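Read through the structure below, which is laid out as structure tokens, and then see the notes.
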Amino acid sequence: MHSTSDNILSAVRIEKGFPGTKALDKVDFQLRRGEVHALLGENGAGKSTLIKCLTGAYRRDGGSILLDGTEIDPRDTFDAQRLGIGTVYQEVNLLPNLTVAENLFLGRQPRRFGMIDAREMNRMARELLAEYELDLDVTRDLAGYSVAIQQVVAIARAVDLSGKVLILDEPTASLDAHEVAMLFRIVRRLKARGLGIIFITHFLEQVYEISDRTTVLRNGQLVGTRETTDLDRRDLITMMIGRELADEIHTNHPSAGDGQLRYRFRNYGRRGHIDPFDLDVRAGEVVGIAGLLGSGRTETAEVLFGANRADSGTAEIDGRAVDLSSPRAAIRQKFGFCPEDRKTAGIVGDLSVRENIVLALQARRGWTRPISRTEQNRLADHYIRALDIRTADREKPIKLLSGGNQQKAILARWLATEPEFLILDEPTRGIDVGAHAEIVRLIESLREKGLSLIVISSEIEELVAYSTRVVVLRDRAHVAELDGERITAHNIVEAIAAANEGGAS
Amino acid sequence: MTATVKTYFGRLLPQLIALAVIVVAISMVFPGFLNLQIQNGRLYGSLIDILNRGAPVVLLAIGMTVVIATKGIDLSVGAVMAICGAVAAALITSGHSLAETLLATLAVGILCGVWNGILVAILDIQPIIATLVLMVAGRGIAQLITEGAILTFNHPGLIFIGSGSFAGLPMPIVIWLVFGVLIALLVRQTALGMLIEAIGINRQASTLAGVLTPVLLIAAYVLSGLCAAFAGIIAAADIRGADANNAGLWLELDAILAVVVGGTSLLGGRFSIAASVLGAIIIQAINTGILLSGFPPEFNLIIKAAIIVFILVLQSPRFRTAFTFVRLPRAAGKPTEREAK
Amino acid sequence: AELVVGFSQIGSESGWRAAETTLTKQQAEQRGVDLKFADAQQKQENQIKAIRSFIAQGVNAILLAPVVATGWDEVLQEAKDAEIPVILLDRTVDASDDLYLTAVTSDLVHEGNVAGKWLVDTVAGKDCNVVELQGTTGSSPAIDRKKGFEEALAGHDNLKIVRSQTGDFTRTKGKEVMESFLKAENGGKNICALYAHNDDMAVGAIQAIKEAGLKPGTDILVVSIDAVPDIFQAMAAGEANATVELTPNMAGPAFDALDAYLKDGKEPPKWIQTESKLYTQADDPMKVYEEKKGLGY
Amino acid sequence: MKQKYLPLTATILIFVLSYALCVMQFPNMLSTRVIGNLLTDNAFLGIAAVGMTFVILSGGIDLSVGAVIAFTGVFLAVVLEQGGLHPLVAFALALAITTAFGALMGAIIHYLEMPAFIVTLAGMFLARGMAFVLSIDSIPIKHPFYATLKGFYYKLPGGGRITLIGGLMLLVFGVGILIAHRTRFGTNVYALGGGAATAKLMGVPVARTTIGIYALSGLLAGLAGIVFSLYTSAGYSLAAVGVELDAITAVVIGGTLLTGGSGFVAGTLVGILIQGLIQTYITFDGTLSSWWTKILIGLLLFAFILLQKGIIRLSRVERQHA
Ligand SMILES: Nc1ncnc2c1ncn2[C@@H]1O[C@H](COP(=O)(O)OP(=O)(O)OP(=O)(O)O)[C@@H](O)[C@H]1O
Ligand SMILES: Nc1ncnc2c1ncn2[C@@H]1O[C@H](COP(=O)(O)OP(=O)(O)OP(=O)(O)O)[C@@H](O)[C@H]1O
Ligand SMILES: [Mg+2]
Ligand SMILES: [Mg+2]
């Protein structure tokens with residue numbers, strides 16, 4: 001075995017409690033020089049909490065941390081950065097109101113005569129991003145760029161900060177295959193330079209592709225650390241969820257719905273957001289939407305739901321023209337929408353899990369007809385159980401839940417309204433394997449109940465699994481549609497690529 | 001049931017303690033403080049004075065709480081008080097009946113609220129600036145009505161609202177008690193409270209969940225306007241005249257202070273009307289205590305600042321964490337911190 | 001050519017102030033003066049700005065009702081350099097007296113003194129505890145009226161000021177503070193007289209006294225300053241005892257002096273003092289009330 | 001042009017337009033006197049507003065500035081007239097006190113996690129209270145050094161002057177712009193305004209920055225107090241009431257968002273000038289009663305905000321259709 005001196009970072013018996021939760025229970029963790037170490041576990045297992053304790057974002061309750069054999073005690077993330085630990089935290093944690101360059105060099109801007117040398121900083125920023133094949137206007141505010149680009153910027157920043165250790169908490173959640181490949185190239189290069197890299201993800205393929213060792217947490221406790229190559233997929237899942245997963249996503253996609261045609265959108269669109277498109281959705285049908293990052297998938301969803309009012313075209317339900325100009329109007333037509341950006345558009349952070357779940361239902365009923373507390377409790381408990389939302393109790397503020405569990409609570413919010421047309425934008429992003437399978441099953445059971453669903457996902461395998469039809473987007477326009485037997489991962493990729501070659505729109 | 005009562009009082013505990021401390025402190029400096037007697041058929045004493053004098057700020061704080069819960073702020077309440085007092089006085093002196101006067105005055109308050117609400121909810125102007133417009137212009141409007149003088153009236157009905165009594169309690173107390181209970185019931189027995197909190201915490205997410213955000217936002221400012229109208233009527237009735245120049249001057253700050261002392265965050269979200277009412281009473285108790293203490297007036301502000309800082313430090317999250325989790329001194333990290341955006 | 005006169009008024013914080021503004025406008029109209037009015041919203045900096053704009057506009061003269069005595073040297077010097085005469089209204093300033101033409105004011109200390117003398121004479125040697133409602137802390141009327149009153153009481157050991165607190169010149173605060181005075185002084189039984197720095201506070205305090213079950217004017221003597229209409233009603237009802245007049249017509253004498261100066265180059269005296277007349281219940285208060293009612297108080 | 005300069009450009013545009021309108025009605029308003037006055041008369045407000053800009057950019061607010069200005073004035077008057085110190089020493093002392101006062105408020109805001117609104121409100125009570133305790137009387141300052149300082153000015157053709165304090169305000173704005181955009185501290189201020197939790201995760205020294213921000217605001221409020229005392233040659237405890245609201249208004253009119261993170265120090269200067277213009281216009285008009293003055297100020301404020309919104313929205317739409 002390796003001697004301890006090989007460990008660049010080791011954490012011993014780390015403890016961390018939150019009111020009502022023991023998030024970390026005497027967790028040990030070792031990171032070697034020059035290894036990629038996957039940190040796995042279900043939603044709420046304590047992965048992010050462990051990271052935050054290591055980097056001083058949280059004060060740990062107990063345990064010690066050694067960097068290069070000497071004990072360290074980072075008081076805040078600034079300390080950790082100085083020690084050579086660069087981190088990408090879960091959810092993009094950059095400042096939207098600063099420029100790209102400022103985000104990259106915050107706190108270490110180059111200076112001349114005590115003043116920031118903006119020209120030099122921008123030059124350095126362009127140089128740094130060039131490694132990531134990004135050619136951005138670095139003097140623009142970060143808010144102007146898509147989530148994916150922001151994620152890459154966050155990674156670039158962390159990598160640049162990491163002299164010894166790089167920590168990546170679900171960095172690939174909003175990246176597509178191309179960008180993931182690029183990230184992995186960089187990770188391998190850093191690894192070769194002798195850095196220790198901690199990598200958190202819910203994509204098991206990526207674990208096998210990049211990691212040398214794997215540590216699994218469950219309910220705040222260490223389950224074990226293994227060499228990744230010694231670990232087969234089934235064992236890994238069992239380690240994570242503590243039981244065998246009945247069946248992973250099956251690949252035989254459902255037959256095209258033969259339900260009646262219910263929703264007809266003609267020439268529907270909004271200038272500057274999404275080009276006018278036609279779309280028909282049947283009862284009992286799942287329409288998957290595929291496309292590269294920034295292709296306009298989210299915009300399509302927002303226009304359908306009235307979050308952005310359509311400025312052209314018509315919408316019909318069962319042959320009757322309807323008004324979908326606002327979320328309320330859409331909800332009146334029994335629409336539901338789980339947005340992609342759950343932090344800003346999904347959760348209402350300070351409200352409890354219960355209140356978050358009943359929110360849409362209550363809004364639809366109007367304020368004069370309050371849902372009784374008993375009924376609220378019943379609904380909340382029902383969905384907490386049905387979707388396996390991990391929370392100490394239903395009164396916990398939702399912002400204190402782990403990311404994946406927040407996602408499930410938002411889903412519950414819409415299910416509680418008993419929708420007939422449900423739009424899910426990246427419903428499985430950041431969700432663990434167990435829950436992932438559950439959500440896929442849920443989508444299927446909803447379809448079987450006769451709902452119409454629109455599902456946006458960057459995971460093509462997943463789309464293939466549950467879609468009865470797949471729409472492919474590019475440059476904010478609908479460019480192709482696949483159905484029946486033609487829905488295969490290969491065909492979707494082809495369609496995106498073909499469209500790509502199709503030239504300017 | 002008892003559990004709910006317990007959590008309810010648990011929420012109010014810091015305010016109740018602060019109030020108790022202040023009352024004890026004053027009664028040590030001024031022994032007659034706790035005396036209560038019946039005089040002219042109504043309760044009489046310093047404690048009653050606090051509840052009575054606190055009426056305008058209590059009423060303003062009720063409306064302000066709801067506005068602040070939506071992540072807004074209403075700086076115009078003082079000016080709206082002045083407008084409504086002026087309107088009431090002008091109407092009653094020009095021979096309108098009491099009922100007409102009151103209805104018209106409340107309508108004016110509501111109108112002011114609608115104006116603020118539209119600026120905030122529809123025109124999307126930042127609340128502080130949106131309400132600053134009416135704060136500045138409103139006092140002008142009030143003065144326009146009274147022409148800068150104190151508009152005195154002698155209508156016994158209107159005066160009764162300011163200095164009459166009902167069941168032994170001065171009318172202002174009766175009004176804020178009834179109004180406060182009604183509003184608290186309204187927001188908590190319907191879904192209003194939760195929806196308002198949702199808007200205050202995350203307006204975008206709430207809108208996407210189908211909450212009728214603009215209407216509720218406007219409603220919050222309307223409530224605030226209505227409260228200011230009540231406060232304005234009481235203030236005018238109390239002195240039997242509308243003093244457009246001074247009625248409600250700087251009271252918006254007291255009302256905001258009351259809400260914060262009541263533990264509602266200025267960042268919006270969770271609110272408690274009862275706690276804000278207690279906050280307003282705490283502030284009035286401080287004011288009355290200062291008056292009774294007999295210190296020269298130069299010291300008024302310093303004493304007030306010191307007491308407020310003291311109460312707020314007691315309530316500050318840091319202090320409370322240190323207090324309740326003595327075992328885990330630095331445990332909580334900063335999970336409660338919310339993104340500014 | 002028509003005379004253009006700028007008038008920098010403090011604001012509109014009280015009925016008295018409104019009356020002064022009204023009377024100034026009336027006086028200007030009667031004399032065919034084009035009055036440029038600027039309300040400073042209680043802020044000295046706004047008054048300075050206003051005067052500077054008047055100078056920039058090239059007015060013929062400036063009337064200034066200064067919010068505070070200090071801080072005028074520079075801007076008055078500028079007016080002087082521009083050869084624009086400045087007349088001060090209702091308060092004088094702490095600057096060399098060649099910077100302004102004249103000041104038409106009452107004597108604030110004297111007002112307090114008149115009120116105090118009246119009280120000394122009225123109680124005629126009996127023991128008397130006095131409570132005082134001060135004006136806005138730091139304002140010169142509050143400071144001077146307190147000073148004058150205390151001077152009048154000096155040497156009369158039977159009179160003692162037992163409580164003194166600010167009522168901000170407003171009715172509401174006057175009433176609130178009086179309530180606490182009553183509580184603090186044994187339900188008011190220890191109080192024999194109230195001295196208020198203005199009538200508005202007195203009117204508020206009178207209501208507090210009545211609500212405490214005492215008779216203002218009898219159980220507690222009430223003396224105040226300003227002589228606004230409402231106090232005469234109270235006097236007529238026997239609820240107030242005396243008030244010292246501060247005339248709002250400062251502009252009349254000011255315009256007279258200005259006319260004389262501009263026409264004949266006649267330098268007026270540096271201080272035109274207005275009368276501080278004492279009114280008591282014996283002066284037919286209702287008649288005075290009727291006279292004053294229409295003046296925009 | 002970049003999106004983020006829109007509010008600033010809109011504000012400048014509005015200022016120029018309205019000045020032109022004013023001049024059309026009152027040609028005298030074009031005189032250098034009026035322009036010089038605009039700088040001199042608003043010097044103290046402008047300096048305080050620079051500090052307020054930093055505070056607001058960081059997502060906070062400082063209600064104490066008016067009271068701090070009054071306190072500084074009274075303090076200077078007392079030590080100069082009774083203590084016999086040289087004004088420069090007194091200035092240094094005053095600045096040290098107000099800076100420490102600001103830093104203390106910043107520390108309370110950060111370490112006790114209390115909202116800035118309330119901490120600085122208490123600060124406002126405290127500062128004004130201290131001014132009362134020092135002296136309730138207004139005290140004239142007769143020190144010859146004050147006269148010397150006032151003697152420094154640059155005469156413009158047409159009778160206008162750029163006074164020392166007017167120039168000082170421009171200088172403070174210049175330095176403020178440099179600090180905001182060319183120092184790490186400045187970027188950290190924007191970072192805090194963009195999201196305190198995120199900024200913390202990114203390694204921004206939140207404690208140091210927060211304390212620094214309020215200390216800076218205290219320092220500039222102190223400087224504004226010195227300027228005010230030069231302006232009036234006196235110390236008065238009731239001076240500068242409500243200046244904090246004027247400063248906040250100037251900052252917001254200047255295009256800075258009260259939620260923090262977005263805006264420009266230069267915008268605040270335009271905000272100050274717009275407010276000054278409103279005042280000047282009203283005095284030039286000279287027919288408004290006290291109450292109409294207030295109503296008009298309110299309405300003009302509203303009109304400016306609406307115009308600003310309109311311009312920004314229009315150009316956004318155009319961009320999208322381009
Ligand atoms: N600030 C907090 N306050 C209270 N509880 C918290 C807080 N942060 C996390 N928790 C709780 O701690 C547990 C671990 O959360 P953590 O975020 O570490 O999970 P995770 O493994 O990163 O999950 P995911 O895969 O969903 O990101 C969860 O039960 C969560 O509810
Ligand atoms: N806030 C914003 N400001 C400017 N441009 C934006 C903003 N949000 C998205 N965009 C741009 O709009 C385009 C469409 O974005 P959209 O979010 O619809 O893409 P998507 O296909 O859903 O991709 P993703 O997988 O990132 O959600 C992209 O080019 C994106 O960069
Ligand atoms: Mg996590
Ligand atoms: Mg998307």
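In this text the structure is predicted, and so the values were computed from the model without any measurement. All chains are named by letter (A, B, ...) in the order of the sequence lines, taking the proteins before the strands, and each is independently numbered beginning at 1.
- Between chain D and the options A:Arg157, A:Glu102, A:Lys52, heavy-atom pairs under 4.5 Å are most frequent for A:Arg157.
- By the 30° and 60° cut-offs, the orientation of the rings of A:Tyr268 relative to A:Phe277 is perpendicular.
- Residue A:Asp79: no heavy atom, backbone or side chain, is found under 4.5 Å from chain D.
- Counting heavy-atom pairs closer than 4.5 Å to chain D, the top residue among A:Arg111, A:Arg82, A:Gln81, A:Met115 is A:Arg111.
- A distance of 12.5 Å separates CD1 of A:Ile149 from CG of A:Leu94, quoted to the nearest 0.5 Å.
- Heavy atoms of other residues, nucleotides or ligands lying less than 6.0 angstrom from CZ of A:Arg309 number 12 at most.
- Remark: A:Arg123 CZ is packed, more than 12 non-hydrogen atoms of other residues, nucleotides or ligands lying under 6.0 Å away.
- Comparing A:Asp141, A:Asp76, A:Leu161 by heavy-atom pairs within less than 4.5 Å of chain D, the highest count is held by A:Asp141.
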